[in-house]
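The block underneath contains the structure these notes are about, expressed in structure tokens.
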Amino acid sequence: MVAGRPVPFIKDVPIPSAMSIPLSERVAIPELGPDDDGREVVVAGWIQEVRDLGGIAFVELRQGTETGQIVLPKGKVDEDTVDTLVEANRESVAAIAGTVQESDEAPGGFEVLPDEAELLNEAQTPLPMGVVDRVDTDVDTRLENRFLDVRKPEVQAIFAVRAAAVEGGRQWLQEEGFTEFTSPNIIGAASEGGTDIFEVQYFEETAYLSQSPQLYKQMMMATGLDKVFEIAKYFRAESHNTRRHLNESSAFDCEVAFIDDEDDVLWVLENLVHAITSFVDENCTEELELLDHEVTVPDTPFPRVTYDEALDWTADDVEEEVAWGEDLSTEAEYALGDIMEEKGHEYYFITKYPDECKPFYAQPEGEELSRSFDLGKSGMEVTSGAQRVHDPDLLRQRIEEMGADTEDFEDYLKPFTYGMPPHGGFGLGIERIVMEMLDLHNIREAVLFPRDRDRLRP
RNA sequence: GCCCUGGUAGUGUAGUGGCCGAUCAUGCGGCCCUGUCGAGGCCGCGACCCGGAUUCAAAUUCCGGCCGGGGCGCCA
């Protein structure tokens, strides 16, 4: 064979297979029941547990979040078949061809009596962590062994809910006429300011990982695509270590053109949150049951609390008072979360922030305020957004005021000089809202493979 | 960037100077058991993050490193 050449596909020559049990005929365990008594089936999955009682043994075979029982009355079942299953290490993958039997004593009212069993892949022992052990596992150990962790039904449920949240949000945005787009994650200028960003080598140049699609989605506002969104990745090089921060996170990033003011954006956001929560509520019944958690679908519109009100209301509850003009402290955010909870609101907007604590692209209002807002959920900031500046002269002035060079922003500024409508938007953190919906204690639980200060693998 | 906190069998833990050739659970191995479903019973296996220092004596105190967890700032 010539090195580097692909092996030609030869028609009519089957790929050799060790499988004597046809996996393609596999039936899903949840689809079986006592009514299938007598049916010949193929089942396959992970051997979760073996209970060998001597003359009879039981194997719990897991498929996804469900398990089914394989019964092995010794003497009645072929000895090799019994040994294959009973001697396999936990979490090995096995296939079984056999007959469904109705049984009052079996979980689910049925069990499979095998004719044949085959170990498809034996799990080594000891396992780096148990899937069904009666001991807890640290989040760190779980993340190191995510493939095992996700075998747990309650962990699978988290990611099913996350997928549903994304699906529900995307569906609603599409119905509302939003166009989904994709912006580059590798960018040439560290443009947005604020947080630290990651540098990457881009051939002979230094490039950066984008901290948000902010500037790109604004550019789209000059195109006639009046409503856009991206399921965006945020890369942020902040070396924080908290239960609510990641260095790589995801968000619904939306932008809308031809708005009167930021209230038009708030409408989109509150309805998006409503769509996400109600989609999860309607489509994740089993998952929420597994997680023993209910999702509250908030009423719209959400209450609007101004920044001034937020300061005023929380003044007595915080040890260190927030000076006017500063962003709300974490302490004040939680205090406000409690106050809103008491009033019966999990979700609420904080509006009319001082201009000085918001970025250059936020539309100022009057002398000191800005048309910026955050969405809070029980004290957690899940979104921030604003009406944007669309006047190029004001934008240049604000870039200079923050001490940056307008030269670095020419790509961004260009669309503003050739017809840019008033617009605004927001970024809704997906991990944050999943974390909040499910009351997870660590945001790392809401991502499969989190990137944080000290975690770059797996 | 600043601050706090932790690292003991595969996993989760007890243990704050000698009683530790280290606790318990889970797991793993062996044996017994024909209806288990957190199976049960008996026997066994397996660990003090690394490097220095203090001390008659260190899992335990101190210093440095490595690796976790958390808080603040900042933010989604």
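Proteins get letters first, then strands, A, B, ... in listed order; numbering begins at 1 in each. Scope of the values below: all heavy atoms of this structure, side chains included, with no hydrogens, waters or symmetry mates.
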Tell me which nucleotide among [options] gets nearest to the side chain of [X].
X	options	answer
Tyr334(A)	G73(B), C72(B), G35(B)	C72(B)
Thr137(A)	G71(B), G73(B), G12(B)	G12(B)
Thr242(A)	G73(B), U11(B), G70(B)	G73(B)

What does [X] touch in the nucleic acid at a heavy-atom separation under 4.0 angstrom: a base, only the sugar-phosphate, or nothing?
X	result
Arg51(A)	base
Asp136(A)	sugar-phosphate
Glu111(A)	base
Asp138(A)	sugar-phosphate
Asp140(A)	sugar-phosphate
Leu127(A)	sugar-phosphate

Sorted by number, the residues of [range] with heavy-atom contact under 4.0 Å to RNA chain B:
range	answer
residues 429-456 of chain A	Gly429(A), Arg432(A), Asn442(A), Ile443(A), Arg444(A), Asp454(A), Arg455(A)
residues 325-333 of chain A	Asp327(A), Ser329(A), Thr330(A), Glu333(A)
residues 85-107 of chain A	Asn89(A), Arg90(A), Ser103(A), Glu105(A), Ala106(A), Pro107(A)
residues 245-252 of chain A	His245(A), Leu246(A), Ser249(A)

For [Y], is there an ion pair with [X] - N to carboxylate O distance below 4.0 angstrom?
X	Y	result
Asp149(A)	Lys152(A)	yes
Glu91(A)	Arg62(A)	yes
Asp136(A)	Arg142(A)	no
Glu431(A)	Arg244(A)	no
Asp374(A)	Lys358(A)	yes
Glu262(A)	Lys352(A)	yes
Asp253(A)	Lys217(A)	yes
Glu248(A)	Arg451(A)	no
Glu49(A)	Arg90(A)	no

Would you tell me if any nitrogen or oxygen in the side chain of [X] comes within less than 4.0 Å of OP1 or OP2 on [N]?
X	N	result
Thr125(A)	C28(B)	no
Ser384(A)	A76(B)	yes
Arg243(A)	G71(B)	yes

Nucleotide forming a Watson-Crick or wobble pair with [N], both distances under 3.5 Å:
N	value
G64(B)	C50(B)
G10(B)	U26(B)
C74(B)	none
C31(B)	G41(B)
C56(B)	G18(B)

Spacing between [X] atom [atom1] and [N] atom [atom2], to the nearest angstrom:
X	N	atom1	atom2	answer
Asn241(A)	G73(B)	CG	P	15 Å
Gln69(A)	A39(B)	CD	C1'	12 Å
Leu143(A)	C67(B)	CG	P	17 Å
Leu53(A)	C37(B)	CG	C1'	10 Å

Can you name the closest pair of heavy atoms from Glu320(A) and Glu331(A) and give their distance?
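For Glu320(A) and Glu331(A), the tightest heavy-atom pair comes out as N-OE1, 3.6 Å.
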What are the two closest heavy atoms between Thr383(A) and Phe426(A), and how far apart are they?
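Nearest heavy atoms, Thr383(A) then Phe426(A): CG2-CB, 3.6 Å.
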In whole Å, measure the gap between the C1' atoms of G6(B) and G44(B) for me.
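Comparing C1' positions in G6(B) and G44(B) gives a spacing of 33 Å.
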Whole-angstrom distance between C50(B) and C66(B), as gauged at atom C1'
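Straight-line distance between the two C1' atoms is 7 Å.
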Test for a donor-acceptor pair under 3.5 Å between the base of [N] and the side chain of [X], counting only N and O atoms.
X	N	result
Asp133(A)	G27(B)	no
Arg134(A)	G38(B)	yes
Arg244(A)	A76(B)	no

Could you walk me through whether Phe235(A) and Phe198(A) pass the ring-ring contact (aromatic ring centres under 6.0 Å, His included) test, one step at a time?
CA-CA 7 Å; Phe235(A) 299 94; Phe198(A) 292 107; 7.2 Å; no
Taking it one step at a time, do Arg444(A) and Arg455(A) satisfy side-chain contact (heavy atoms from CB on, under 4.5 Å)?
CA-CA 11 Å; Arg444(A) 283 167 264 233; Arg455(A) 193 174 272 105; 3.6 Å; yes
Who are the side-chain contact (heavy atoms from CB on, under 4.5 Å) partners of Val256(A), not counting sequence neighbours?
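For Val256(A) the side-chain contact (heavy atoms from CB on, under 4.5 Å) partners, ignoring immediate neighbours, are Phe178(A), Lys227(A), Ile259(A), Val268(A).
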Check step by step if side-chain contact (heavy atoms from CB on, under 4.5 Å) holds for Phe449(A) and Arg146(A).
CA-CA 8 Å; Phe449(A) 299 102; Arg146(A) 226 8 168 169; 3.6 Å; yes
Could you name each residue pair satisfying ring-ring contact (aromatic ring centres under 6.0 Å, His included) that touches residues 304-331 of chain A, not counting sequence neighbours?
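Sorted result for residues 304-331 of chain A: Tyr307(A)-Trp324(A), Tyr307(A)-Tyr353(A).
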RNA chain B: Val135(A) or Cys357(A), which has the more 5' nearest nucleotide?
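By nearest-heavy-atom nucleotide position, the 5'-most residue is Val135(A).
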